[in-house]
Every structure is written in structure tokens, then in C-alpha cells.
**Student:** 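Here it is, the structure, as C-alpha cells.
In what follows, chains are A, B, ... by sequence order, proteins preceding strands, each numbered from 1.
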There are 2 protein chains.
Amino acid sequence: MAENVLYDELMRQLSADGSVRRELGRIVPGGCSDGSASVLAVLGRHGAMRIGRLTELLGVDPSVTSRHVAHLTMLGWIDRNPDPADRRSRILRLTSDGHTQLAELSDHRSRELAARLTDWSNEEIRRLAQLLSRLRADFDAQRTEPRTFADASEDARHPRAPAA
Amino acid sequence: MAENVLYDELMRQLSADGSVRRELGRIVPGGCSDGSASVLAVLGRHGAMRIGRLTELLGVDPSVTSRHVAHLTMLGWIDRNPDPADRRSRILRLTSDGHTQLAELSDHRSRELAARLTDWSNEEIRRLAQLLSRLRADFDAQRTEPRTFADASEDARHPRAPAA
DNA sequence: TATTGTTATACTCTATAACTATA
DNA sequence: TATAGTTATAGAGTATAACAATA
């Protein structure tokens with residue numbers, strides 16, 4: 001497999017990415033943990049939803065979502081109202097305070113990011129965001145539709161993206 | 001700041017990247033935790049070094065490096081020999097077993113990555129790796145040379161990368 | 001006194017398993 | 001019986017602070 005070195009290099013960058021991730025974690029302003037920030041962001045972007053949907057979008061175990069949601073509820077940043085259609089569920093919604101916190105968080109992170117990407121062109125920023133988005137989509141597809149061994153060998157024999 | 005939305009979008013992708021990161025963590029074969037894998041990779045790429053240097057390259061606290069190194073030493077994948085130049089330090093080096101493990105790890109991860117990026121062109125893979133590398137470099141620079149408030153306001157007034 | 005590492009402790013994120021309430 | 005969500009518990013990664021050994 002000639003392009004193995006390519007995957008290897010990407011893998012290295014994705015792993016070494018830990019330093020970026022940790023730095024991003026440190027950027028979160030006090031009072032808002034990283035996990036909570038993710039929940040706020042998803043609710044802000046997609047609007048009110050049930051825990052199950054939130055769990056899907058975050059790509060974590062339901063127990064994880066449940067904990068973060070409980071935390072944010074205690075902070076008063078989201079509320080949980082009964083779902084009239086199914087009394088096992090509740091609808092999650094950003095409160096007014098939640099919206100404020102999310103806006104502050106977003107501004108703060110954008111500023112910090114801007115401070116680190118001073119010599120990036122808009123096109124480069126856009127390109128990286130786009131590639132990451134696609135990467136995540138491909139990983140998510142893999143996660144929700146586990147492949148069979150047959151699939152894998154089939155793809156190995158007829159790769160959709162032959163060496164360029 | 002007109003391009004704020006760009007930073008915001010990249011920030012969203014970087015955060016949502018959690019699902020990719022967790023999946024990568026799950027890809028690591030048994031017996032090798034994610035942190036250990038990073039240490040192996042750095043030693044394999046840069047050769048023998050002291051803990052201090054390893055800590056720098058990983059971008060973590062020295063206590064973290066120390067723990068991972070202790071773990072890998074117990075597994076027999078690296079060894080720690082006294083540094084003749086400074087008896088406070090020891091030189092870390094991959095053992096023969098360590099090299100084997102690293103090779104297996106690398107192959108395994110490349111295969112898993114390949115299975116998820118079947119419709120990516122080599123050029124796209126290369127591009128993402130390159131942008132991530134640059135992102136990390138810029139974050140690292142920021143971390144080791146903390147900015148003053150004066151720097152920050154100066155940059156805000158005279159950004160090095162004006163809107164394209 | 002300063003530097004290199006190590007250890008003790010605590011906090012966050014995450015997953016698994018057992019459980020409750022409702023469908 | 002199956003599903004939505006919660007809670008208890010455990011494991012990994014990380015940081016801070018206190019400490020030991022050497023420079």
C-alpha cells in the first residue's frame with residue numbers, strides 16, 4: 001500500500017493534536033467545563049431537543065450527556081421541561097442565561113483562536129474547518145454503521161479513491 | 001470583526017472533533033493506552049531523549065510524562081539508562097519490544113484510518129495533515145511565549161491577516 | 001539556590017452496568 | 001417486553017503541589 005505513509009502522517013498529526021485540544025480546553029472561561037461547552041454549543045446551533053438527540057449529536061454515551069445536562073441545569077443555563085409526547089423524556093432548552101453564556105464563550109474562543117492564527121488566510125481557515133467537518137462525518141458514519149469483514153476486504157480490493 | 005464567523009466555525013469543528021478523537025482512542029489495540037501510544041510515537045520519531053525533552057514535545061505537564069514513562073518501562077517497551085552528563089536525568093529509549101509495538105500500532109491505526117477515508121484523495125489527506133501541523137505549531141508557539149495584554153491589543157488594531 | 005524528575009492528590013471526561021419510569 | 005434516561009462505579013488523562021536528588 002503505497003499511500004500508507006500518508007495515513008501515517010495524518011495519524012501522527014491527529015494524535016499530536018492533543019496539545020491543541022488541551023489548549024482549547026484551557027481556553028474555556030471559568031465556570032464552564034469543556035463538556036458543558038459542547039452541550040451549550042449544540043443546543044445553540046440546533047435548538048431545543050431531547051437527551052437522546054443530543055447524545056447522538058455529541059457522539060458519546062447517554063450517561064455522559066445526562067451528567068453534563070444535569071450540571072448545566074444546576075447552573076441554570078438550560079431547563080428541562082416534560083415532553084408532552086413522551087413522558088419518559090424532557091425537552092432541553094437554553095435559558096436566557098444559557099444564551100448569554102454561550103455568546104460569551106463563543107466570543108472568547110474566537111478571540112483566542114484569532115490570536116493564534118494571525119498569519120492564516122481566511123481561505124486556509126475555511127479549508128481546515130471543511131476538512132475537519134468531513135473527517136468527522138466519515139468517522140461518524142463508520143461508528144453508526146459498523147462494517148463487516150466482507151465490507152472491509154471488498155473495499156481493500158476496490159478502493160473508492162485509488163492512488164492519485 | 002467580519003471574519004469572526006470563520007473562527008467560530010473552525011472552533012466548532014475543532015470542538016466537535018471530540019468524536020474523532022474518542023474514536024481514535026478506541027482504535028488503539030489492547031495493552032496500549034492512548035497516552036502511552038503518544039510517548040512511543042515521539043520516541044520512535046525523534047529517537048532517544050530525556051524526560052524533559054519528551055515533556056516539551058508532548059506539550060504536557062512533566063508529571064504526566066513521568067507517569068506514562070513509568071508505565072511503558074514496566075511493560076518493557078522503553079528503558080531508562082542513567083545520563084552520564086547529568087545524574088538527575090535518564091535517557092529514554094525504545095526497547096526491541098517497544099519498536100515492535102510501535103510498528104504494530106502504526107500499522108493498525110493506518111489501516112483503521114484508511115477504512116474511514118476511502119473516498120479521500122491523497123491530496124486531501126496531505127492537505128489536512130499539513131494544516132493540522134501548522135495549527136499545532138501556532139498553538140505551541142503561543143503556549144511557550146505567553147502574550148502580554150499590550151501584544152493582544154496591538155494585534156487587534158493591526159491584524160497580520162486582514163480580511164481576504 | 002536552581003533544576004530534573006517523581007509522587008500524592010484531585011478533577012474532568014468517558015464507558016459499562018444496574019436501575020427507574022414510561023411506552 | 002422495549003425504550004428513555006439516570007445513577008453508581010471505574011478507568012484514563014491531566015494539572016497542581018509537595019518532595020527528592022543532583023547541579
**Student:** Distance check needed: C:dG5 P versus B:E56 CD, whole Å only.
**Tutor:**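 Going from B:E56 (CD) to C:dG5 (P), I get 10 Å.
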**Student:** Specify the separation, in whole Å, of atom CE of B:M74 and atom C1' of C:dT6.
**Tutor:**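 Rounding to the nearest Å, CE of B:M74 and C1' of C:dT6 are 14 Å apart.
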**Student:** Return the set of residues passing side-chain hydrogen bond (donor to acceptor under 3.5 Å, both in side chains) with A:D61 (not counting sequence neighbours), or none when no residue passes.
**Tutor:**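 Per chain and number, A:D61 pairs via side-chain hydrogen bond (donor to acceptor under 3.5 Å, both in side chains) with A:S63.
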**Student:** Mind checking what makes side chain to side chain contact (heavy atoms under 4.5 Å, CB included) contact with B:A48, not counting sequence neighbours?
**Tutor:**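 By the side chain to side chain contact (heavy atoms under 4.5 Å, CB included) rule, B:A48 matches B:I91, B:R93.
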**Student:** Nearest whole angstrom, please: distance from the C1' of C:dT12 to the CG of A:L24.
**Tutor:**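 Interatomic distance, CG of A:L24 to C1' of C:dT12: 16 Å.
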**Student:** Give the rounded distance in Å between these two atoms: CD1 of B:I91 and P of C:dT4.
**Tutor:**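 One finds 13 Å between P of C:dT4 and CD1 of B:I91, rounded.
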**Student:** Specify the separation, in whole Å, of atom CG of A:D86 and atom P of D:dT3.
**Tutor:**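 A:D86 atom CG is separated from D:dT3 atom P by 12 Å.
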**Student:** For the pair A:T95 (side chain) and A:W77 (backbone), establish whether a donor and an acceptor sit closer than 3.5 Å, ignoring hydrogens and angles.
**Tutor:**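 Pair found, side chain donor or acceptor close to backbone of A:W77.
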**Student:** Can you build the contact string for nucleotides 5-14 of chain D? Use B for base contact, S for sugar-phosphate-only contact, and - for no protein heavy atom under 4.0 Å.
**Tutor:** SSB----SSB
**Student:** What residues, two or more places apart in sequence or in another chain, satisfy side chain to side chain contact (heavy atoms under 4.5 Å, CB included) together with B:E112?
**Tutor:**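 Result, side chain to side chain contact (heavy atoms under 4.5 Å, CB included) vs B:E112: B:I27, B:H108, B:R116.
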**Student:** Take the protein atom CG of B:D83 and the nucleotide atom C1' of C:dT6, then report the distance between them rounded to whole Å.
**Tutor:**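 One finds 17 Å between C1' of C:dT6 and CG of B:D83, rounded.
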**Student:** Let me know the distance between CG of B:L54 and P of C:dT6, rounded to the nearest Å.
**Tutor:**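 Going from CG in B:L54 over to P in C:dT6 covers 11 Å.
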**Student:** According to side-chain hydrogen bond (donor to acceptor under 3.5 Å, both in side chains), who are the partners of A:Q130, at least two apart in sequence or on a separate chain?
**Tutor:**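 side-chain hydrogen bond (donor to acceptor under 3.5 Å, both in side chains) check on A:Q130 returns A:R127.
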**Student:** How would you list, by chain and number, every residue that makes a side chain to side chain contact (heavy atoms under 4.5 Å, CB included) with A:R136, sequence neighbours excluded?
**Tutor:**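 Only A:D140, B:Q13, B:A16, B:S19, B:V20 meet the side chain to side chain contact (heavy atoms under 4.5 Å, CB included) criterion with A:R136.
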